[in-house]
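Indexing begins at 1, ligand by ligand and atom by atom, following the structure's order.
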Amino acid sequence: MSTRMLVAPVPQSSGHPAAEVAHRDLISIQDLLPEEVRALLDLTALIKARPADFRGALSGKQVVMFFEKPSLRTRLTFEAGLSSLGGQAIFVDQTRSRLDERESLSDIARNLERWVDCVILRTFEHSTITGIAEHASIPVINALSDLEHPCQALADFFTLEEKFDDIAKVTLAYVGDGNNMSHSLMLLAASLGAKIRVATPKGYEPLAEVVAAAKKIAAKTGAKITITNDPVAAVTGADAIYTDVWASMGQEEEAQQRAQIFEPFQVDEELMSHAADHALFMHCLPAHRGDEVTDAVIDSPQSVVFDQAENRLHIQKAILLMLLGGGLRRFRPRSTNA
Ligand code: CP
Ligand code: NVA
């Protein structure tokens with residue numbers, strides 16, 4: 001019997017949605033079925049409420065993090081989160097060269113799976129993450145690519161669920177660039193049966209294939225996805241307004257041109273005035289104050305940006321527990337007794 005078998009095995013076929021996710025990847029929101037998203041959000045609530053119950057749940061687990069781009073929140077919340085679960089993160093600063101510059105992704109993957117339990121990647125090309133996942137037998141987590149930022153979107157909808165009773169009744173307006181953030185938020189809104197309106201300048205809409213995928217999920221869940229070029233139409237009556245930088249990491253040379261094109265999409269007090277009175281302001285951060293959002297809005301009582309940032313910690317602990325399996329044995333019985 002291998003040493004691994006002596007450690008409580010993950011209940012692979014228990015039928016519990018959290019168990020079904022064990023040993024899989026989280027590269028896109030589409031990797032999770034709606035019931036698995038629900039299980040993840042419920043586990044996150046439990047971890048946030050009772051962090052001590054999960055101390056040591058990933059004892060002995062090692063995770064490697066390759067980041068081709070800078071990070072404050074994602075890096076620190078994964079490192080702090082894993083450490084509080086008893087595991088260890090090994091950070092590799094990959095900002096000076098692309099991951100596949102020295103050797104092939106398949107060779108890297110086939111090394112990593114011999115040493116560690118999970119790989120977390122922040123990359124320019126989404127295909128770098130899928131390339132590692134294709135060849136690694138261990139779970140792979142997307143910590144942001146040009147296509148998606150699933151961990152952030154999960155923290156954002158967890159935040160919305162903390163603020164509103166019924167997510168199916170919530171309308172989220174995303175105003176700005178049709179980028180990685182807009183993609184993951186759209187797919188997650190679809191999965192949760194929420195309503196999302198995405199307003200971008202012409203030519204900066206979210207990718208058509210992601211919109212189509214979100215609409216396909218929405219047809220089953222009752223979610224509503226609207227794409228528009230009119231920011232006022234998007235925010236009118238909305239429960240929350242979300243924005244992100246106009247030039248993402250890797251698009252710095254376009255920043256000046258984008259600043260002019262995106263100017264009508266700035267979230268200021270005037271734009272917020274079209275939303276519901278109770279409307280929240282959301283941003284994944286880092287914010288470029290004075291561009292996509294004014295100080296008056298991001299520093300207002302309506303702003304929940306630091307709640308979102310805090311929830312990155314809790315959601316990522318839940319993601320690690322679900323994918324690495326170590327938390328289920330604690331999560332299941334204790335939640336029953338709660
Ligand atoms: N929101 C987010 O992912 O922040 P970092 O780029 O600092 O990780
Ligand atoms: N769209 C932004 C998100 C940063 C968290 C970027 O990719 O740079």
Side-chain angles (χ1 to χ4, degrees), residues 26-29 63 65-82 89 91-95 98 120-129 141-160 172 174-188 196 198-201 204-207 210 240-256 258-259 261-262 265-267 281-289 291-293 298 303-317 319-320:
L26 178 54
I27 299 176
S28 164
I29 291 295
V63 169
M65 302 169 65
F66 290 93
F67 277 38
E68 292 182 340
K69 294 171 175 173
S71 171
L72 175 72
R73 282 147 289 272
T74 309
R75 175 181 177 177
L76 289 176
T77 49
F78 266 122
E79 290 194 5
L82 182 58
F91 184 80
V92 182
D93 180 352
Q94 198 63 48
T95 53
R98 301 287 162 96
I120 301 176
L121 295 147
R122 169 167 284 201
T123 62
F124 286 91
E125 307 292 333
H126 190 72
S127 58
T128 305
I129 303 181
I141 300 176
N142 178 358
L144 182 145
S145 69
D146 53 352
L147 192 64
E148 276 205 53
H149 196 2
C151 301
Q152 178 71 51
L154 285 160
D156 297 336
F157 269 91
F158 180 79
T159 307
L160 281 169
L172 173 64
Y174 175 93
V175 179
D177 189 23
N179 60 13
N180 46 9
M181 238 11 283
S182 78
H183 291 160
S184 292
L185 288 170
M186 244 185 343
L187 289 165
L188 192 52
I196 186 164
V198 177
T200 73
Y204 293 88
E205 292 87 358
L207 289 178
V210 181
I241 315 297
Y242 197 120
T243 191
D244 184 14
V245 290
W246 292 338
S248 285
M249 290 180 277
Q251 297 174 329
E252 288 79 7
E253 74 289 353
E254 293 175 39
Q256 236 180 336
R258 282 172 171 257
I261 295 167
F262 281 79
F265 292 77
Q266 183 186 64
V267 181
F281 171 74
M282 304 181 81
H283 194 307
C284 53
L285 304 177
H288 292 171
R289 289 163 174 262
D291 286 346
E292 75 272 6
V293 60
I298 197 169
S303 174
V304 293
V305 298
F306 299 112
D307 294 331
Q308 294 171 256
E310 179 191 333
N311 286 332
R312 294 294 305 277
L313 176 69
H314 309 302
I315 203 89
Q316 280 157 204
K317 285 167 76 174
I319 290 168
L320 289 166

Heteroatom distance test ([X], ligand 2): nitrogen or oxygen, under 3.5 angstrom:
X	answer
D244	yes
N180	yes
R122	no

request  = Give a yes or no on whether the backbone of H283 and the side-chain of Q308 come within a donor-acceptor separation of less than 3.5 Å.
outcome  = yes
So, the side chain of R73 versus the backbone of A309: is there a donor-acceptor pair under 3.5 Å, distance only?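 Checking the backbone N and O of A309 against the side chain of R73, no donor-acceptor pair under 3.5 Å is found.
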- When you measure from the centre of the six-membered ring of F67, is the NZ or CZ of R75 under 6.0 Å away and within 45° of the axis? no
Partner of E148 under side chain to side chain contact (heavy atoms under 4.5 Å, CB included), picked from I27, V210, L187, is L187
Report the part of R122 in contact with ligand 1, treating N, CA, C, O as backbone and CB onward as side chain, heavy atoms under 4.0 Å; options are side chain, backbone, both, neither.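 The side chain, only.
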Subject >> Check: C284 N/O within less than 3.5 Å of ligand 1 N/O >> reply: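 Yes, since at least one N or O of C284 sits under 3.5 Å from an N or O of ligand 1.
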Testing the basics here: between L185 and F157, what is the closest heavy-atom pair and its distance to 0.1 Å?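 Heavy-atom minimum between the residues: O-CE1, 3.7 Å.
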Q) Which atoms form the tightest heavy-atom contact between I319 and C151, and what is the distance? A)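 In this case the closest contact between I319 and C151 is CD1-SG, 3.9 Å.
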Under 4.0 Å from a heavy atom of [X]: which atoms of ligand 1 are those, numbered in the order shown and with their elements?
X	value
L285	1 (N), 2 (C), 4 (O)
R312	1 (N), 2 (C), 3 (O)
L72	5 (P), 7 (O), 8 (O)
H149	2 (C), 3 (O)

Original post:
In the protein, what heavy atom is nearest to atom 4 (C) of ligand 2, and what distance, to one decimal place, separates them?
Top reply: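 Its nearest protein heavy-atom neighbour is L144 CD1, 3.8 Å.
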Of all protein heavy atoms, the one nearest atom 4 (O) of ligand 1 is R73 NE, 2.8 Å
Side chains of T128 and R98: donor-acceptor distance under 3.5 Å anywhere?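 No, because no side-chain N or O of T128 sits under 3.5 Å from a partner of the opposite role on R98.
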Review point. For residues H288 and E292, is any side-chain donor paired with an opposing acceptor at under 3.5 Å?
Key: no
With a 4.0 Å heavy-atom cut-off (strictly under), which part of T74 contacts ligand 2: side chain, backbone, both or neither?
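No part of T74 is near ligand 2 at this cut-off.
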Under 4.0 Å between heavy atoms, the region of M249 that gets near ligand 2 turns out to be both
Nearest non-hydrogen contact to atom 5 (C) of ligand 2 from the set L285, L72, L147 belongs to L285
Derivation of the side chain to side chain contact (heavy atoms under 4.5 Å, CB included) call for Q152 and L144:
CA-CA 9 Å; Q152 178 71 51; L144 182 145; over 6 Å; no
